[in-house]
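As the structure lists them, so they are numbered: ligands from 1, and atoms in each ligand from 1. The figures here come from the full heavy-atom set of this structure, side chains too, leaving out hydrogens, waters and symmetry mates.
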Amino acid sequence: MTNDRYSSVNMDRDSFKKAGYELINRIAELLDTIGQKPVTPGETAGELREALGTSSLPLQGHPAEEILGRATDLMMGHSLFNGHPRFMGYITASPTPIGMLADLLAASVNANTGGQILSPMATEIEKQTVCWLAELIGVSGDYGGILVSGGNVANFTAFLAARAAKAPAEMKKGGLSSLPKKLITYCPRSTHTWIEKAVVLFGHGEDSLRWIPTDGSNKMNNRLLLEAIEKDIVEGHQPFLVIGTAGDVSTGVVDDLREISKICKEHDLWFHIDGAYGAPAATLPELENMFDGLEEADSIALDPHKWLYAPLEAGCTLVKDPKHLTDAFSSKPEYYKFDQEATGLSHNYFEYGLQNSRGFKALKVWLAIQQAGKEGYVRMIRDDIELSKMLFALADEHEELEAVTNHLSITTLRYVPKNIPTDNDDYLNRLNESLVDVLQMGGKAFLSNAVIDGRYCLRSCIVNFRTTERDIEETIDIIVDEGRKLHRERMRQ
Ligand SMILES: *Cc1c(COP(=O)(O)O)cnc(C)c1O
């Protein structure tokens, strides 16, 4: 080895620029034409494997430009684009261009945000981002928190903070089995599946979870919540955590947060709000009442990679008193000498969450917040909600569509052929299930599904700053068109 070491993954300045500019050109082209492409090519796994080719593990190296070009072809020619204006499935956002560039910058400096000494500026930016996210959704900027990979991990992180705060201190040593009382969690029926994973993974078990029925408006029935808590106390258990939802994943309903917070205060319970999808809508002045009580939460999960349009991945856990995060996650082995008393570089994110080495997810969120400003976000989120209402209204007017629900930016609807009565759920459920499949493979408009009171529905969630009124009109036409075709085929059989 000489001082001029050769390494096969390095790139000299000129070849880096050449490959990089070419990539940027291709991305710019994609962003410019994304609406004219199919949402997805709808290929089978076999077709995809064929496109990928069946080559074995490379033994020799290849030129960077060549393989990067091929990767770009593969990704651009065979992907589902959630940035497409008619992508309305699930809750995955159209990604911000500035977020794309931010990820490149973050990877280039490669700050390890686990320790502040390793990521001096990145840690400061993450702290500021957490504070801005709190202020954006209208809670105190004193909430602390951490950026994580997404909603699931944001909720897990809050769950563990809640447990550190409310479980008896002996748990740290003896584990859950050393506790005299079982720790009980309460959540509405509409809660996302993360909670089932959490109680199983963290050792509480499914029996420790109380699913509280929802009322007629699909909010948690808080009277039944209170009854369940009182019953558990009488039976010798320890209630510790109540979860409220700010925008349920299926239909977008926000629970009565104020009422839940009162119940939690009365019984000294941790109040967690899952706002993975809906929390950013709290920034809209006209929705102040809907989110009343948000600022009472001990912890809030939100997902910048949903309604703040960050490219995957970016979730965030906010905790009213961040000490509960360090209580849950801090353990300092001797080989970490990270507290820099003299310089004040002592905010080490490895003590705030599950990860040790961490990337710099905050950068893309921090940049987008500055690019849009709070006002920009208010406008984009409001427009998404307006478009969702428009979809509901058009479905409602159409004689072959049934508009079912509309909350925040989620609308559910179903296709009902002219001669089929709306109570023929058997037939309509099968028809609409096939319709979702056809739409998801067809590439014209991408919706997902929801089951509402036994009715299988199409579900549209708009967290997409590219969607326009024309896309909504076209989506209606596409749904009706495909629905008719499917119905006709079935009638012929
Ligand atoms: C999407 C979502 C989650 C899960 O978030 P991921 O980012 O997919 O991990 C949890 N809760 C709610 C309410 C959601 O909408």
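Nearest protein neighbour of atom 10 (C) of ligand 1, counting heavy atoms only, is H192 CG, 3.3 Å. Closest to atom 1 (C) of ligand 1, if we only count protein heavy atoms, is K306 NZ, 1.3 Å. Among all protein heavy atoms, the one lying closest to atom 6 (P) of ligand 1 is G151 N, 3.2 Å. Of the protein's non-hydrogen atoms, the one nearest atom 11 (N) of ligand 1 is D274 OD2, 2.7 Å. For atom 9 (O) of ligand 1, the closest heavy atom belonging to the protein is N152 N, 2.8 Å.
Listed by number with element, the atoms of ligand 1 under 4.0 Å from a non-hydrogen atom of V249 are 15 (O). For ligand 1, the atoms lying closer than 4.0 Å to a non-hydrogen atom of G150 are 7 (O), 9 (O). The A276 neighbourhood of ligand 1 comprises atoms 2 (C), 3 (C), 10 (C), 11 (N), 12 (C), 14 (C), with distances under 4.0 Å to a heavy atom of that residue. Using a 4.0 Å cut-off to heavy atoms of I91, the atoms of ligand 1 that qualify are 15 (O). Applying the 4.0 Å criterion to heavy atoms of D303 picks out, from ligand 1, the atoms 5 (O), 6 (P), 7 (O). Proximity to Y277 (heavy-atom distance under 4.0 Å) selects the following atoms of ligand 1: 15 (O). Ligand-side atoms of ligand 1 in range of H305: 7 (O), range being under 4.0 angstrom from any heavy atom.
To the nearest 0.5 Å, atom CD1 of residue I462 and atom OG of residue S409 are 6.5 Å apart. Taken from CG in L308 to CG in L302, the straight-line distance is 6.5 Å, to the nearest 0.5 Å.
Shown here is K231, whose NZ atom has no more than 12 heavy atoms of other residues, nucleotides or ligands within 6.0 Å. By the 6.0 Å contact criterion, CD on E206 is open, its count of non-hydrogen atoms from other residues, nucleotides or ligands being 12 or less.
Partners of A134 by side chain to side chain contact (heavy atoms under 4.5 Å, CB included), not counting sequence neighbours, listed by chain and number: V139, Y143, L318.
Among R358, K364, K361, the one residue that satisfies the salt bridge (Lys or Arg N to Asp or Glu O under 4.0 Å) test with E313 is K361.
Relative orientation of the H204 and F240 rings is parallel, given thresholds of 30° and 60° on the angle between their planes.
Ring centroids of Y352 and Y349 are separated by less than 6.0 Å, placing the two rings close together.
Residue pairs that meet the ring-ring contact (aromatic ring centres under 6.0 Å, His included) test with at least one member in residues 258-284, sequence neighbours left out, are W194-H272, W270-H324, Y277-W307.
For a threshold of 3.5 Å applied to N or O pairs, the pair formed by T245 and ligand 1 contains no separation below that value. For ligand 1, the polar-atom distance check against D248 finds no nitrogen or oxygen pair separated by under 3.5 Å.
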